[in-house]
Each structure stands twice: as structure tokens, then as C-alpha cells.
Amino acid sequence: QVQLVESGGGLVQPGGSLRLSCVASGNVYRTDTMGWFRQAPGNEREEVATIDRNGDTHYVDAVAGRFTISRDSAKNEVYLQMNSLKVEDTANYLCILRRPYNGMGWWGKGTLVTVSS
């Protein structure tokens, strides 16, 4: 069992920044991949960024160059630094932990990011 708790969401103006955090607890392995998805009303859930056991990262094109994912494996935490935010970034941001061995995954409840002037 894994529990994921996100924080850091809120209301921000276009061009502003937010830093999201996710803390994982329970049966967490160093080899787990962690990342962030987002879902806006009426849209499919979209993978935003992931970081694997080696620190290799992947970003969806829409956020590349603006968002940075990082992790502190010793603390089982993952972060998403979001800069130059746009209105279209508005969504519920969900933390994910994925186990490479069997493909199992766990989701947090999400933290809402609203970009509006």
C-alpha cells in the first residue's frame, strides 16, 4: 500500500509560478517512478512529467522548458516547479507512483492549480 499526498496548488496569475510537492508513504521503493499528471474538466488525464530511479525525466511538450520535476528519494518526495504559468495549465494535478516490476500504480487525490488574472 502506498499513500500520496500533494500540496502547493492554488490561484496564480498568468506568468506566475507555483511549486507542487508530493510526499509518498507506505511501501515505497527506491526504484519506483514518480511523476505528475493533470486533468482539466472535459479533458483526458494527461501525463505532465515523470522522473525515474536514475533521475531521467520526461515532459509533455506543452510544459517543456517551463516546468521542472525533481525528487528527493531519501524523503520519498517529488516536486514540480511550474514557471511562466498559462491559463491552459489550469487543472487538478495528481501525483503518481509507478512500480516498474509489475506496472502497479498509485494516485494522490490531487491539488488544484488555477491560473487566472
Side-chain angles (χ1 to χ4, degrees):
Q1 183 63 251
V2 173
Q3 299 82 42
L4 301 168
V5 180
E6 304 97 332
S7 63
L11 176 64
V12 65
Q13 294 184 350
S17 298
L18 284 175
R19 184 175 183 263
L20 307 184
S21 298
C22 174
V23 180
S25 61
N27 190 208
V28 180
Y29 298 159
R30 186 187 61 83
T31 53
D32 292 336
T33 294
M34 298 187 71
W36 295 90
F37 280 61
R38 67 185 181 185
Q39 187 165 25
N43 291 353
E44 295 277 333
R45 187 171 292 181
E46 175 186 40
E47 182 180 292
V48 177
T50 58
I51 183 166
D52 70 8
R53 60 193 290 182
N54 300 314
D56 294 329
T57 59
H58 176 267
Y59 300 93
V60 67
D61 288 345
V63 309
R66 299 187 297 118
F67 292 8
T68 302
I69 188 170
S70 60
R71 71 189 298 175
D72 185 338
S73 295
K75 298 180 179 179
N76 294 325
E77 295 181 353
V78 65
Y79 313 97
L80 187 67
Q81 179 67 46
M82 305 185 294
N83 298 326
S84 302
L85 283 162
K86 304 175 180 179
V87 172
E88 50 263 45
D89 294 319
T90 296
N92 188 37
Y93 283 73
L94 301 147
C95 182
I96 186 172
L97 183 147
R98 189 182 300 119
R99 189 141 296 155
Y101 174 73
N102 58 12
M104 292 182 61
W106 291 265
W107 299 88
K109 297 293 185 182
T111 184
L112 183 63
V113 173
T114 303
V115 185
S116 176
S117 59

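One is the number of the first residue; the rest follow in order along the sequence.
Side-chain atoms of R45 never come within 3.5 Å of backbone atoms of Q39 as a donor-acceptor pair (strictly under, hydrogens ignored). Under a 3.5 Å cut-off, the side chain of N76 and the backbone N or O of S25 do not form any donor-acceptor pair. Here the side chain of N54 pairs no donor or acceptor atom with the backbone of D56 at under 3.5 angstrom.
Atom-to-atom distance recorded for W106:CH2 and Q3:CD is 10.0 Å, nearest 0.5 angstrom. Of the inter-residue distances, the one linking R38 atom CZ with M82 atom CE reads 9.0 Å to the nearest 0.5 angstrom. Atom CG of N43 and atom OG1 of T90 lie 11.0 Å apart (nearest 0.5 Å). Between R66 atom CZ and K86 atom NZ the span is 4.5 Å, to the nearest 0.5 Å. How far CG of L97 is from CE of M104: 10.0 Å, rounded to the nearest 0.5 Å. To the nearest 0.5 Å, atoms CH2 (W36) and SG (C22) are separated by 5.0 Å.
At a threshold of 4.5 Å between side-chain heavy atoms, the hydrophobic network of Ile, Leu, Val, Met, Phe, Trp and Tyr places V63 and L80 in one connected group. One hydrophobic cluster, built from ILVMFWY side chains closer than 4.5 Å, cannot hold both I96 and V48; they sit in different ones. Linking Ile, Leu, Val, Met, Phe, Trp and Tyr whenever their side-chain heavy atoms come within less than 4.5 Å leaves L94 and L18 in two separate clusters. If you chain together hydrophobic residues whose side chains sit under 4.5 Å apart, L20 and V23 never meet in one group. Neither V2 nor W107 shares a network with the other; the hydrophobic side chains, linked directly or stepwise wherever heavy atoms of I, L, V, M, F, W or Y lie under 4.5 Å apart, form separate groups for each.
L4 approaches A24 most closely through the heavy-atom pair CD2-CB, 3.4 Å. Residues S17 and S84 approach most closely at OG-N, 4.3 Å, considering heavy atoms. Pairing each heavy atom of E6 with each of G110, the nearest pair is OE1-N, 2.9 Å. Residues Y59 and A49 come closest through the heavy atom pair CD2-CB, 3.6 Å. In plain terms, the two heavy atoms of L112 and A91 that are nearest each other are CD1-O, 3.5 Å.
Side chains of E47 and H58 form a contact here, defined as non-hydrogen atoms less than 4.5 Å apart.
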| Between N27 and Q1, does a side-chain contact (heavy atoms from CB on, under 4.5 Å) hold up when you go through it step by step? | CA-CA 6 Å; N27 190 208; Q1 183 63 251; 5.8 Å; no
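No side-chain N or O of Y79 forms a donor-acceptor pair with one of Q81 less than 3.5 Å apart. With hydrogens and angles left out, the side-chain atoms of T33 and D52 include no donor and acceptor closer than 3.5 Å.
Shown here is E88, whose CD atom has more than 12 heavy atoms of other residues, nucleotides or ligands within 6.0 Å.
Aromatic ring pairs are classed by plane angle as parallel below 30°, tilted from 30° to 60° and perpendicular above 60°; the pair Y93 and F67 is tilted.
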